[in-house]
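Residues take their numbers from the sequence shown, with the count starting at 1. Keep in mind that the numbers below use all heavy atoms, side chains included, and drop hydrogens, waters and symmetry copies.
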Amino acid sequence: MSALPLHHIEVPAPSGTAPLAIGSFPEIGSYTTAGFAHRHDFYEVLHITGGSGTHVVDFVHYQIKPPVMYFLSPGQVHFWDCETPLQGRVLVFTEDFMLGRASERGVGDEPPCFDVLSENAELRLDAAGDRAVSDLLVPIEQEYHRREAGHTCVSRAYLNILLVTAYRMRAFAPATAEHRSSALARRFVRLAAEHDADEPSVRAYADKLGVTASHLTEVVKQATGRTPGQVIRGALALEAKRMLALTELNAAQVASALGFTDPSYFGRFFKRETGVSPLGFRRVIREKYQNAREMSL
């Protein structure tokens with residue numbers, strides 16, 4: 001959709017390729033600390049034990065203060081501004097690898113673990129949390145390299161434990177009824193973020209999900225506190241922000257890429273959702289990024 005680079009898992013397994021990879025930052029590849037904005041089509045868990053700088057995820061700036069973890073879902077845009085080299089482990093895995101995982105189903109009536117973790121991409125760790133994470137990453141890395149019988153099942157089990165452990169560390173306090181229909185709501189939110197419908201309307205997404213528009217509205221409102229329309233508009237506004245800040249497309253081209261036939265209507269939509277015009281947003285955000293980079297030099 002946009003000119004943002006899309007990174008795929010390209011790390012070779014000890015014997016062929018695999019839907020999961022783990023290693024140090026240099027082992028996993030240059031994209032792990034890329035200084036330019038890009039997105040992935042896979043999940044990424046980073047456990048940073050050393051180094052410094054800034055990590056920017058969807059316009060949120062995180063000062064890297066080890067020990068710390070970062071959780072990135074497919075489609076999120078991020079980049080790094082590292083002052084000193086990062087140390088620790090990078091774990092990447094595909095959607096297919098974790099089919100049926102606890103992170104997909106959620107824990108009891110709680111939302112899916114990874115969704116909660118990636119909403120606020122950073123999780124700072126105390127000494128005990130740092131040890132707990134290391135103790136879980138070590139066996140995943142051992143299974144990855146040894147490739148013994150059943151290694152996929154074992155790695156999947158350890159990854160489930162890792163995500164639930166991090167989820168508990170986040171100390172998320174769920175509402176009693178908020179996530180009872182989280183499976184359908186999560187599918188909708190994912191589709192909206194991917195703009196996966198012929199037209200960005202509640203009815204179009206409801207048809208794609210095989211439910212009525214009224215049922216989708218009820219479920220999404222219960223699970224997220226927002227209407228489907230608000231979710232759709234928020235996803236469109238976020239993607240517009242990404243394209244305005246991180247590509248050279250003009251406002252009309254961004255509007256066209258997002259399915260707006262009238263650039264003027266796109267401008268009104270964007271200002272209503274963000275409080276600023278598309279060009280005004282581009283100017284402010286680029287000045288902010290430039291100032292942040294100059295301060296780090």
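- If you chain together hydrophobic residues whose side chains sit under 4.5 Å apart, Leu279 and Val284 never meet in one group.
- In terms of the ring-ring contact (aromatic ring centres under 6.0 Å, His included) criterion, residue partners of Phe269 (sequence neighbours excluded) are, by chain and number, Phe260.
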For this session: Kindly determine whether Tyr158 and Asp135 satisfy side chain to side chain donor-acceptor pair (under 3.5 Å), including the steps that lead there.
Result: CA-CA 10 Å; Tyr158 274 116; Asp135 288 346; over 6 Å; no
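- Using a 4.5 Å heavy-atom threshold, the side chains of Glu239 and Val254 count as separate.
- Of the candidates Val219, Thr217, Val189, Pro228 forms a side chain to side chain contact (heavy atoms under 4.5 Å, CB included) with just one, namely Thr217.
- Aromatic ring centres of Phe188 and Tyr205: separated by under 6.0 Å.
- Note: the hydrophobic cluster containing Met243 also contains Tyr265 (ILVMFWY, side chain heavy atoms under 4.5 Å, direct or indirect links).
- Asp126 and Pro67 get closest at one heavy-atom pair: O-CG, 4.5 Å.
- The two residues Ala237 and Phe270 come nearest to each other via the heavy atoms O-CE1, 4.1 Å.
- Checking side-chain atoms of Arg170 against main-chain N and O of Asn120 turns up a donor-acceptor pair under 3.5 Å.
- Ile22 is not connected to Val138 by any chain of hydrophobic side-chain contacts under 4.5 Å among Ile, Leu, Val, Met, Phe, Trp and Tyr, and they are in different clusters.
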For this session: Please test His47 against Asp130 for side chain to side chain donor-acceptor pair (under 3.5 Å), starting from the C-alpha separation and ending with a verdict.
Result: CA-CA 9 Å; His47 178 218; Asp130 188 40; 2.6 Å; yes
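- Closest heavy-atom contact between Thr227 and Gln230: N-OE1, 2.9 Å.
- Using a 4.0 Å cut-off between charged side-chain N and carboxylate O, Lys208 and Glu194 make no salt bridge.
- For the atom pair CZ of Arg286 and CG of Leu244, the computed distance is 8.5 Å after rounding to the nearest 0.5 Å.
- At least one side-chain heavy atom of His215 sits less than 4.5 Å from a side-chain heavy atom of Leu184.
- Judged purely by atom type and a 3.5 angstrom limit, Arg39 has no side-chain atom pairing as donor or acceptor with the backbone of Val77.
- Relative orientation of the Phe25 and Trp80 rings is perpendicular, given thresholds of 30° and 60° on the angle between their planes.
- Of all heavy-atom pairs between Val231 and Ala192, the closest is CG1-CB, 4.1 Å.
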For this session: Please lay out, stage by stage, how Thr94 and Leu20 fare under the test side chain to side chain contact (heavy atoms under 4.5 Å, CB included).
Result: CA-CA 7 Å; Thr94 64; Leu20 174 144; over 6 Å; no
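- Atom CZ in Phe71 sits 6.5 Å away from atom CG in Leu163 (nearest 0.5 Å).
- Between His78 and His40, the distance separating the two ring centers is shorter than 6.0 angstrom.
- Put simply, the side chain of Thr32 never gets that close to the backbone of Ile28: no donor and acceptor are under 3.5 Å apart.
- When all heavy atoms of Tyr43 and Arg190 are compared, the pair lying nearest together is OH-NH2, 2.7 Å.
- Nearest approach of Val68 to Ile64, heavy atoms of both residues: CG1-CG2, 4.4 Å.
- Between Arg147 and Glu141 there is no salt bridge, since no side-chain N of the basic residue sits under 4.0 Å from a carboxylate O of the acidic one.
- In this structure, Arg89 contributes its side chain and Gly23 its backbone to no donor-acceptor pair below 3.5 Å.
- A donor-acceptor pair is defined here as one N or O able to donate and one able to accept, closer than 3.5 Å; such a pair exists between the side chain of Gln76 and the backbone of Ser73.
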Problem set entry | Derivation of the side chain to side chain contact (heavy atoms under 4.5 Å, CB included) call for Val56 and Asp81 | CA-CA 8 Å; Val56 181; Asp81 186 4; over 6 Å; no
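- How far CG of Leu249 is from CG of Leu258: 9.5 Å, rounded to the nearest 0.5 Å.
- When atom types are taken as modelled, the side chain of Ser256 and the backbone of Ala252 share no donor-acceptor pair closer than 3.5 angstrom.
- With rounding to the nearest 0.5 angstrom, the CZ atom of Arg124 is 14.5 Å from the CE atom of Met69.
- With sequence neighbours excluded, the residues that form a side chain to side chain contact (heavy atoms under 4.5 Å, CB included) with Thr152 are Phe97, Arg156.
- Within the 4.5 Å cutoff, side-chain heavy atoms of Leu236 are placed close to those of Ile232.
- Residues Thr49 and Gln87 bring no donor and acceptor atom of their side chains to less than 3.5 Å of each other.
- Considering CD of Glu44 and CZ of Phe93, their distance stands at 10.0 Å, rounded to 0.5 Å.
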Exercise. Between Glu122 and Tyr62, does a side chain to side chain donor-acceptor pair (under 3.5 Å) hold up when you go through it step by step?
Worked result: CA-CA 7 Å; Glu122 182 181 76; Tyr62 300 98; over 6 Å; no
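- Under a 3.5 Å cut-off, the side chain of Thr84 and the backbone N or O of Ser52 do form a donor-acceptor pair.
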For this session: May I have the step-by-step check of side chain to side chain contact (heavy atoms under 4.5 Å, CB included) for Asp58 and Arg242, ending in yes or no?
Result: CA-CA 7 Å; Asp58 280 335; Arg242 290 167 172 168; 2.8 Å; yes
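- No side-chain donor-acceptor contact under 3.5 Å links His145 to the backbone of Glu143.
- A centroid separation of 6.0 Å or more is found between the aromatic rings of His151 and Tyr144.
- Contact annotation: the side chain of Lys271 never approaches that of Val276 to less than 4.5 Å [non-hydrogen atoms, C-beta and beyond].
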Exercise. Given the rule in the side chain to side chain contact (heavy atoms under 4.5 Å, CB included) test, do Val220 and Arg226 qualify, once you have shown the distances and angles that lead to the verdict?
Worked result: CA-CA 7 Å; Val220 172; Arg226 295 184 291 167; 5.6 Å; no
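- Ser118 places no side-chain N or O within 3.5 Å of a backbone atom of Ala121 that could act as its donor or acceptor partner.
- Between atom CD1 of residue Ile48 and atom NZ of residue Lys65 there is a gap of 13.5 Å, rounded to the nearest 0.5 Å.
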